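See below for the structure under consideration.
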Amino acid sequence: MPWVYLLLAIAAFGLALKTTSPGLMAVGLLAALGLMIAGVMSLLARRLDSTSRDVSVIIDPVELRRLREQAEARKLAASSQSEPTQR
């Protein structure tokens, strides 16, 4: 879709260059500017979308709390096993 915007912007520039009417030239230039901005923004959005990670793999707060509790339990178990008994 971004390439369609850019092709339409080129066509609008061509219209603005070929016309003899100042009003039509202004409309063509404004349309070309708008289509150019829309095309570039669409390309940037597509690039950002391709580099962002999937939101379905983000850990929810309940799962994060459960993982922290498991880590804390493992840490306590490891520290209690490594302490020598005093006699």
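What you see is a predicted model; the values in this text were computed from it and never measured. Counting begins at 1 with the first residue of the sequence.
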Q: Would you mind checking if Glu69 and Arg66 are paired as a salt bridge, meaning a charged N to carboxylate O distance below 4.0 Å?
A: no
Q: Only one of Thr19, Thr20, Leu30, Leu15 passes side-chain contact (heavy atoms from CB on, under 4.5 Å) with Met25; say which it is.
A: Thr19
Q: Can you see which heavy atom on Ile59 is nearest to which on Leu64, and at what distance?
A: CG2-N, 3.5 Å
Q | From Leu29 atom CG to Leu24 atom CG, the distance as rounded to the nearest 0.5 Å | A | 10.0 Å
Q. Out of curiosity, does Leu7 fall in the hydrophobic cluster containing Phe13 (side-chain heavy atoms, cut-off under 4.5 Å, transitive links)?
A. no
Q: Would you name the heavy atoms of Ala12 and Gly28 that are closest together and state the gap between them?
A: CB-O, 3.5 Å
(Q) Within the structure provided, determine whether Leu6 and Trp3 are in side-chain contact (heavy-atom separation under 4.5 Å). (A) yes
Q | Heavy-atom closest pair, residues Ala9 and Met36 | A | CB-N, 3.9 Å
Q: Looking only at non-hydrogen atoms, find the nearest pair between Met1 and Arg46 and report the distance.
A: N-NH2, 3.6 Å
Q: Using modelled atom types only, decide if a donor and an acceptor are shared between the side chain of Ser79 and the backbone of Lys75 within a distance under 3.5 Å.
A: yes
